Amino acid sequence: MTEGMEGIVLEDQVKKLQEIIRESNHIVFFGGAGVSTESGIPDFRSVDGLYHMKYDYPPETILSHTFFLRRTEEFYRFYHDKMLCLDAEPNAAHRKLAELEAKGKLKAVITQNIDGLHQLAGSKRVLELHGSVHRNYCMKCGAFYDAHYMKAAQGVPRCEKCGGIIKPDVVLYEEGLDQQTLNDSVSFLSQADVLIIGGTSLAVYPAAGLIDYFQGKHLIVINKSATPRDGFADLLIQGSIGQVLGAVSLDEQEEPGNPNREGTAADGGEDGK
């Protein structure tokens with residue numbers, strides 16, 4: 001397929017997406033790392049030659065409960081370097097989802113990301129399956145610390161009140177997901193008539209398994225690479241989540257924007273995973 005033909009197909013897909021969104025008032029969005037990479041936040045699983053020069057262990061090992069307890073300083077060297085991207089700004093996908101919620105169409109964002117960009121964009125109902133870098137607690141006395149305190153800390157962050165180690169409220173490997181967050185996610189998914197899956201390869205469980213609870217009318221998948229749910233999708237769009245959602249207009253009189261235009265990181269033009 002030529003580039004021109006691909007552009008036409010993408011425009012037609014965005015029109016179909018816009019029609020589905022306009023007809024629905026009970027949408028749920030399920031997203032992953034690809035939503036954040038379009039704001040310039042790297043996927044922590046991305047490993048290249050430079051990574052091996054800095055770290056002796058793969059990301060999945062470093063971000064485990066056992067590693068945190070046994071090699072806390074090394075954990076925080078990685079966490080500080082790779083996970084605390086506090087200068088990142090919401091992109092077109094974050095903003096459109098917040099707009100959909102404000103219009104009463106989107107009922108919840110279920111995210112695997114821990115960066116808080118959905119809330120920064122204005123979303124109110126955000127279910128963070130893997131926690132948030134913006135919540136941190138002393139393991140000894142329970143005192144709360146924000147992400148800026150963690151960013152400024154040298155080495156292992158310590159509590160100013162009791163000297164205990166501060167742990168991020170993020171779900172590490174070997175740790176279970178918050179039960180209330182899971183219950184709320186199941187509730188929203190089971191009641192939705194439209195589910196938009198975006199920016200995720202659906203490879204991380206148990207989060208990806210939540211999709212099974214959706215029994216609604218339209219399943220939409222927007223991702224650059226293939227996912228296990230592509231064959232079940234009523235609408236499959238292989239493209240940038242920021243460019244696709246950013247092109248959707250909620251004004252009944254307006255046509256969708258051009259999803260093929262060049263974009264910046266701020267409006268969803270960067271590649272995501």
Side-chain angles (χ1 to χ4, degrees), residues 31-88 110-118 126-140 142-160 163-179 181-182 199-210 224-225 227 265 270-273:
V35 181
S36 292
T37 55
E38 296 193 11
S39 286
I41 295 179
D43 184 346
F44 74 85
R45 297 179 190 84
S46 299
V47 175
D48 55 21
L50 291 176
Y51 178 92
H52 289 297
M53 291 175 65
K54 294 184 67 175
Y55 303 102
D56 296 327
Y57 304 91
E60 290 83 359
T61 297
I62 297 175
L63 293 175
S64 68
H65 183 79
T66 298
F67 196 92
F68 173 81
L69 294 178
R70 294 180 179 176
R71 297 177 178 268
T72 311
E73 189 167 348
E74 180 72 3
F75 170 91
Y76 272 113
R77 189 163 71 89
F78 177 90
Y79 184 82
H80 190 280
D81 184 36
K82 296 286 189 180
M83 312 299 284
L84 292 176
C85 304
L86 304 186
D87 294 329
I110 303 173
T111 180
Q112 300 171 81
N113 299 330
I114 60 175
D115 48 54
L117 290 181
H118 285 292
V126 181
L127 303 176
E128 297 170 312
L129 294 173
H130 297 150
S132 172
V133 299
H134 295 281
R135 297 187 300 270
N136 306 273
Y137 299 95
C138 173
M139 297 176 69
K140 191 174 181 180
F144 169 85
Y145 291 90
D146 63 19
H148 293 285
Y149 181 90
M150 303 295 280
K151 187 74 171 178
Q154 299 296 315
V156 178
R158 294 277 180 175
C159 178
E160 293 181 340
I165 295 174
I166 303 170
K167 185 178 184 294
D169 186 19
V170 299
V171 180
L172 302 177
Y173 289 97
E174 303 170 349
E175 295 180 346
L177 275 60
D178 178 73
Q179 193 59 51
T181 303
L182 285 173
T200 174
S201 58
L202 296 175
V204 178
Y205 281 80
L210 291 170
K224 289 186 175 181
S225 59
T227 82
E270 291 288 333
D271 285 354
K273 292 188 179 181

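Note that this is a predicted model, so its numbers are computed, not measured.
Considering all non-hydrogen atoms of both residues, Tyr55 and Lys82 come closest at CE1-CE, 4.2 Å. Nearest heavy atoms, Leu86 versus His148: CD1-ND1, 3.7 Å. Counting all heavy atoms, side chain and backbone alike, Gln112 lies closest to Ala207 at OE1-CB, 3.9 Å. The two atoms that bring Cys159 and Ala143 nearest to each other are SG-CB, 4.1 Å, heavy atoms only. Among all heavy-atom pairs drawn from Glu128 and Thr181, the shortest one is O-CG2, 3.8 Å. A pairwise comparison of heavy atoms in Phe75 and Leu172 identifies CE1-CD2, 3.8 Å as the closest pair.
Between Tyr76 and Phe68 there is a side-chain heavy-atom pair separated by less than 4.5 Å. Leu177 has its side chain within reach of Pro206: a pair of non-hydrogen atoms, C-beta onward, lies under 4.5 Å apart. The closest side-chain heavy-atom distance from Ile62 to Tyr79 is not below 4.5 Å. Considering only heavy atoms from C-beta on, Met150 comes within 4.5 Å of Leu84 through its side chain. Using a 4.5 Å heavy-atom cutoff, the side chains of Pro42 and Cys85 are in contact. No side-chain heavy atom of Val171 sits less than 4.5 Å from a side-chain heavy atom of Leu129. A 4.5 Å side-chain heavy-atom check between Ser39 and Leu117 finds at least one atom pair inside the cut-off.
A donor-acceptor distance shorter than 3.5 angstrom exists from the side chain of Thr200 to the backbone of Leu202, with no hydrogens or angles considered. The backbone N or O of Thr111 sits nowhere less than 3.5 Å from a side-chain atom of His118 that would complete a donor-acceptor pair. Of the possible polar contacts, one joining the His134 side chain to the Asp115 backbone as a donor-acceptor pair under 3.5 Å is found. A donor-acceptor pair under 3.5 Å is absent between the side-chain atoms of Lys167 and the main chain of Asn136, judged by distance alone.
Residue Ser132 holds its OG atom at 7.5 Å from CG of Asp169, rounded to the nearest 0.5 Å. Distance check, rounded to the nearest 0.5 Å: CD1 of Ile166 to OG1 of Thr72 gives 12.5 Å. Atom CE of Met83 and atom CZ of Phe78 lie 6.0 Å apart (nearest 0.5 Å).
A salt bridge (charged side-chain N to carboxylate O under 4.0 Å, His left out) with Glu74 is found for one member of Arg70, Arg71, Arg77 and no other, namely Arg77. For the side chain to side chain contact (heavy atoms under 4.5 Å, CB included) test with His130, the passing option among Asp178, Val204, Asn113 is Val204; the others fail.
Salt bridge present: Lys54 and Asp81 bring a charged side-chain N and a carboxylate O closer than 4.0 Å. Ion pairing of Arg158 with Glu73 is absent here, as no side-chain N (NZ or NE/NH1/NH2) approaches a carboxylate O to less than 4.0 Å.
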(request) Applying side chain to side chain donor-acceptor pair (under 3.5 Å), run through Arg135 and Tyr145 and close with a yes or a no. (result) CA-CA 7 Å; Arg135 297 187 300 270; Tyr145 291 90; over 6 Å; no
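Ring centers of Phe144 and Tyr137: under 6.0 Å apart, within the cut-off.
With sequence neighbours left out, Thr66 forms a side chain to side chain donor-acceptor pair (under 3.5 Å) with Glu174. Here Thr61 pairs with nothing under the side chain to side chain donor-acceptor pair (under 3.5 Å) rule; sequence neighbours left out.
The 12-atom threshold is exceeded at NZ of Lys151, counting heavy atoms of other residues, nucleotides or ligands nearer than 6.0 Å.
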